[in-house]
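Only one structure is covered here, and it is reproduced in the block below.
So that the names make sense, note that chain A is the first sequence line, chain B the second, and so on, each numbered from 1. All values reported here derive from a predicted model rather than from experimental measurement.
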Protein chains: 2
Amino acid sequence: MSPLKQNRSNDRNKDVRDQILRAAKELFAKKGYEGTTVRQICHEANVSLALVSYHFGGKENVFFEVFQPIRQLFENMKYDLSDSLGALKSFCRQFVIFRNEESELVSILQQELVMNSPRLEMLTDVFLPSWEQLRLILQECQEKNLIDFPSVDVAVNFIMGTLMFSHNNAFLNRTQSEMSPEQVADFAVNFIINGLQATSEQGKR
Amino acid sequence: MSPLKQNRSNDRNKDVRDQILRAAKELFAKKGYEGTTVRQICHEANVSLALVSYHFGGKENVFFEVFQPIRQLFENMKYDLSDSLGALKSFCRQFVIFRNEESELVSILQQELVMNSPRLEMLTDVFLPSWEQLRLILQECQEKNLIDFPSVDVAVNFIMGTLMFSHNNAFLNRTQSEMSPEQVADFAVNFIINGLQATSEQGKR
DNA sequence: GTCTATACGCCGATAGAC
DNA sequence: GTCTATCGGCGTATAGAC
């Protein structure tokens, strides 16, 4: 490390690209893509305004790069369809864990999904496989008569809603959750598996 | 109606304020508040750029006014806590119906919630009562031992996730849902009520 | 590689004619 | 009330010194 480099921040020695990506991820999650300016990112990263364009070629490319670390992770997500109920439980649990570990990425993803942003195209490889896996698992469960529910599509929505929406709002969840991530995961698995079971009340007003 | 008024649009005779509000609601739902420009709103409403400021005093006030019609509706939302299980079912069903009838407003609300926008303060009276109602209902259910679940807070999140997140994305729900809104409501009620039931499996890996 | 200074467009808001 | 034209500001991106 050159002694000429100013040490303007505690971890200035980290690579500039990483600093920008870290700041961008944090700000995108908090304020949204459009609500975040390149100026803010560079300020938070303690670098000058020009470096986003120099290193990444623009704000949009920073957005893309932010998701790079998890692209590999998602490619390896395969579930054993022969044990489809187990696969469903495993999927839900892993998603809750992932959501907890990468809460910022999930928050960004959620925002882009909700507003159907043009950037979703750059993210299809990140989340579409998960959606498809879940759909396949649910179809298996239905075909084997393990669970009985009226619609795979609607079920996918309920499940992803349950898994993604939770714990993302500062002032709705005013009291810090008393549950550990593992307990939340258990609760989520339980909620979803039981929820999909049809009851005799179904269709009744 | 003055014959001097140009009839530039099919429903130009409608009040200009209403036209602006209609266009704004549609665009906010589709592109988000920040992603929507005043120019777009006025173009879609077939009025000139100046009229947003003239009639409402700015973009933010348009946003506030868009939610005006449902403010009254939400104030009257009371549930019979003595029948807390019935109240829970009723809450869920009404929310699905509401989501279906006012899908644009729900979409806007969802976006603002997810990105914790500064405009949420203007919307507390719209949704916070619902959240509180649900929390109260769940607490009642728990105290009366009607349902057994580990955390009211987390349950609120699961439920609102299930109710709000569903059916909002254009290309995830590629196949049009084969269920009617009432059937979806039934499924949602069933999903949530059954989901909250604890099983002996809870806590098991 | 990193900086400062600046280009240039689009934003929301408004002045002023009609 | 409604329009067109324009203002001032901030957005991203880049030119050019170091």
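What separates CD of B/Glu60 from P of C/dG12 is a distance of 12 Å, to the nearest Å. With rounding to whole Å, A/Arg17 atom CZ is found 11 Å from C/dG1 atom P. In this entry the distance linking NZ of B/Lys31 with P of C/dC10 reads 16 Å, nearest Å. As a whole-Å value, the separation of B/Glu34 CD from C/dC10 P is 19 Å. Distance, B/Ile20 CD1 to C/dG12 P: 13 Å, rounded to whole Å. Summarising the geometry, the separation between NE2 on B/His43 and P on C/dG12 is reported as 15 Å, rounded to the nearest angstrom. Across the protein-nucleic acid pair, A/Asn61 atom CG and D/dT14 atom P stand 11 Å apart, rounded to whole Å. At whole-Å resolution of the value, OH in B/Tyr54 and C1' in D/dG1 are 5 Å apart.
Side chain of B/His55, nearest nucleotide from D/dG1, C/dT2, D/dT6: D/dG1. Here the nucleotide nearest the side chain of B/Val47, chosen from D/dA5, D/dA13, D/dC3, is D/dC3. Nearest nucleotide to the B/Thr37 side chain, out of C/dT2, D/dT2, C/dG12: C/dG12. Nearest nucleotide to the A/Val16 side chain, out of C/dT2, D/dC3, C/dA13: C/dT2. The side chain of B/Ala50 lies closest to D/dT4, out of C/dG1, D/dT4, D/dA13. Of all nucleotides listed (C/dA5, D/dT4, D/dT6), D/dT4 comes nearest to the side chain of B/Ser48. Nearest to the side chain of A/Val38, among D/dA13, D/dC3, D/dT6, sits D/dA13.
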Test ring-ring contact (aromatic ring centres under 6.0 Å, His included) on A/Phe158 and B/Phe191 and set out the steps.
CA-CA 8 Å; A/Phe158 285 174; B/Phe191 184 78; 5.2 Å; yes
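A salt bridge links A/Glu102 with A/Lys25: the distance from a Lys NZ or Arg NE/NH1/NH2 to an Asp or Glu carboxylate oxygen falls below 4.0 Å.
For B/Arg17, there are no salt bridge (charged side-chain N to carboxylate O under 4.0 Å, His left out) partners two or more places apart in sequence or in a different chain.
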Would you be so kind as to tabulate the donor-acceptor pairs closer than 3.5 Å made by side chains of residues 49-70 of chain A, with sequence neighbours excluded?
residue	atom	partner	partner atom	Å
A/Lys59	NZ	A/Tyr33	O	2.9
A/Lys59	NZ	A/Thr36	O	2.6
A/Gln68	OE1	A/Arg71	NH1	3.1

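A 4.5 Å side-chain heavy-atom check between A/Phe127 and A/Leu120 finds at least one atom pair inside the cut-off.
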